[in-house]
Trainee: 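Take this structure first; my questions come after.
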Amino acid sequence: MGTPSLGLSISLVCFVVLMLASNSVAHRQKMRMDRRPQAGECQLDRLESLKPVYRIESEGGVTESWNHSDKILRCAGVTLVRRTVQPKGLVLPSYTNAPQLLYYVRGSGIQGMTIFPSCPESFEEPEGSEGGYREKHQKVHEIGEGDIIAIPAGIGYWFYNNGNTPLVVVILMDTSNADNQLDGKPRRFYLAGNPEDEHGEETDGESGRNLFSRIHEQLLSEIYGVSVETVRKMKGADDTRKNIVLVKEGLEVVRPEPGPRANGLEETICTLRVREHVGSAARADIYTPHAGRIATLNSIKLPILADLRLSAERGVLYENGVYVPHWNLNANTILYVTGGKGTIQVVDNEGRSVFDGKIEEGEVLVIPQNFVVVIQATGEGGFEWIAFKTAEDAMISPLVGISSAIRALPVHVVANIFRVSIKEAQRLKIGRDQASLFSIASQSSKTKAFV
């Protein structure tokens, strides 16, 4: 009689666990739905390229940010920040209320972060270090041009420019993500210093804006076992260096010599990979010698993106290169121009051209889900971008090439819907074999590409 009872108990426990898991998933999905803009709030009949509107000049560099209240950024549920860090510049440790993707546009340095608070220090000095103190801290990453770093909500991080040229990083925050349990406003929490709000929000005018600044001095002194004078420095009330500080003697941390990148094996949550390189031609998923290349980054390549529900695309068009008309099936695209000049046209569901213009380095264009977009390099140096996408496995559907929606149609269907001959319909179907990229030879062809 005991065995059936035990089996029933186990079955009941399993049922409860499954129900809790199901409810958790449903709750997260509901939270994501609740943060979507209300019907009629988003007016997508006219798109504009966006530039930063806020600027903070610090001791060690510059922080610029886009207006998170802009209607198209609000509808996409994202905001962006760009930091330019001078050599020996250190960005103050902070965390945010939303998942982030960091793309390093140029320069090199190191970045540290706390993967999860319960994880132990994994980088440490050997026994018997000088002075009796043995330094330990969590993993430090080498960073450089073309690297993407994924950071979950609430996870602190910092980065430092150990090179000889400025380090430039553009940061996307997905404030509409279900992991953000607050509101749609981007919130950055600093662990140190006296930083300014990078999104232009007014403060109460009091000095000291880090997490320690309003906790009683004597209490902090007793908690940390340090002097009140040290606590006052922690509060940062008289710190004028702002968001990026300068390390005059250089920064020393425990880290291995630069070498081969991780092999992709994640054994535990504490060793979960957060970095991937998409900048070099060797990482391209689509490559056409005379047109350009595209590298995609999704949750298959970087599993942590499955939890963040974000992905990315790195694009490079050579001179005369064109990225064929296509649409994103399941994601909004936030395109940041990392180099060169280009022309972009975006068409909505009513066939209206909602954007048709030039765009250059440092500008942002939001391309809504399912809107058709075509990109053309217009400068001699080509055109480059990083596109952040609001789905962990963003997919595109091209209108040209071997995988296009046109090629999937029977030739007689093509002939009838476009009112052309069978011969012309065949040409429409198979005239271009390239998957996504091709090069056009003359100025007249360039003009025709956008007619």
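This one's a predicted model, so the numbers in the text were calculated from it and none came from an experiment. FYI, side chains are in, hydrogens and waters are out, and symmetry mates aren't considered; it's all heavy atoms of this structure.
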Trainee: Is the Tyr95 ring parallel, tilted or perpendicular to the Phe189 ring (thresholds 30°, 60°)?
Mentor: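 Ring orientation, 0 to 90° scale: parallel.
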Trainee: With Ser404, which residues qualify under side-chain hydrogen bond (donor to acceptor under 3.5 Å, both in side chains), at least two apart?
Mentor: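 For Ser404 there are no side-chain hydrogen bond (donor to acceptor under 3.5 Å, both in side chains) partners, ignoring immediate neighbours.
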Trainee: Taking only Lys NZ, Arg NE, NH1 and NH2, and the carboxylate oxygens of Asp or Glu, determine whether Asp348 and Arg46 approach each other closer than 4.0 Å.
Mentor: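 Judged by the 4.0 Å cut-off on N to carboxylate O distance, Asp348 and Arg46 do not form a salt bridge.
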Trainee: Are Phe159 and Tyr104 close enough that their ring centres sit under 6.0 Å apart?
Mentor: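 Yes - the distance between ring centres of Phe159 and Tyr104 falls below the 6.0 Å cut-off.
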Trainee: With the threshold set at 4.0 Å, does a side-chain nitrogen-carboxylate oxygen contact exist between Glu313 and Lys389?
Mentor: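 Counted as a salt bridge, because a side-chain N and a carboxylate O are separated by less than 4.0 Å.
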Trainee: When you look at NZ of Lys429, are more than 12 heavy atoms from neighbouring residues, nucleotides or ligands closer to it than 6.0 Å?
Mentor: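 Yes, NZ of Lys429 has more than 12 neighbouring heavy atoms, counting only those of other groups under 6.0 Å.
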Trainee: Flag the pair Asp238 and Lys233 as a salt bridge only when some basic side-chain nitrogen lies within less than 4.0 angstrom of an acidic carboxylate oxygen.
Mentor: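 Salt bridge absent between Asp238 and Lys233.
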Trainee: Using a strict 4.0 Å threshold on nitrogen-to-oxygen distance, state whether Arg275 and Glu142 make a salt bridge.
Mentor: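 No, this pair does not count.
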Trainee: Any carboxylate oxygen within less than 4.0 angstrom of a Lys/Arg side-chain nitrogen, looking at Lys235 and Asp239?
Mentor: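 So Lys235 does not pair with Asp239 through a salt bridge.
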Trainee: With a 4.0 Å cut-off on N to O distance, would you call Arg106 and Glu145 a salt bridge?
Mentor: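 A salt bridge is absent here (no side-chain N lies under 4.0 Å from a carboxylate O).
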Trainee: Please evaluate residues Thr175 and Asn180 with respect to the criterion side chain to side chain donor-acceptor pair (under 3.5 Å), reporting the C-alpha separation (whole Å), side-chain torsions for both, the decisive distance (0.1 Å), and the verdict.
Mentor: CA-CA 6 Å; Thr175 53; Asn180 175 18; 5.4 Å; no
Trainee: Does any non-hydrogen side-chain atom of Arg82 lie less than 4.5 Å from one of Ile171?
Mentor: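 No, too far: nothing below the 4.5 Å cut-off.
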Trainee: Are Arg232 and Glu217 close enough for a salt bridge, meaning some N to O gap below 4.0 Å?
Mentor: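 Salt bridge present between Arg232 and Glu217.
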Trainee: Relative to the ring of Tyr323, is the ring of Trp385 parallel (under 30°), tilted (30 to 60°) or perpendicular (over 60°)?
Mentor: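 Aromatic pair Trp385/Tyr323 classed parallel.
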Trainee: Would you name the heavy atoms of Trp327 and Phe371 that are closest together and state the gap between them?
Mentor: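 Heavy-atom minimum between the residues: CB-O, 3.6 Å.
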Trainee: Would you please indicate yes or no on a ring centroid separation below 6.0 angstrom for Tyr160 and Trp158?
Mentor: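 No.
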Trainee: Is Lys301 salt-bridged to Glu276, going by a charged N under 4.0 Å from an acidic O?
Mentor: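 Salt bridge between Lys301 and Glu276, a charged N being under 4.0 Å from a carboxylate O: no.
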Trainee: Thinking salt bridges, do Arg55 and Glu196 make one under a 4.0 Å N-O criterion?
Mentor: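 Salt bridge between Arg55 and Glu196, a charged N being under 4.0 Å from a carboxylate O: no.
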Trainee: Does the pair Glu64/Arg83 count as a salt bridge with the N-to-O cut at 4.0 Å?
Mentor: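 Salt bridge between Glu64 and Arg83, a charged N being under 4.0 Å from a carboxylate O: no.
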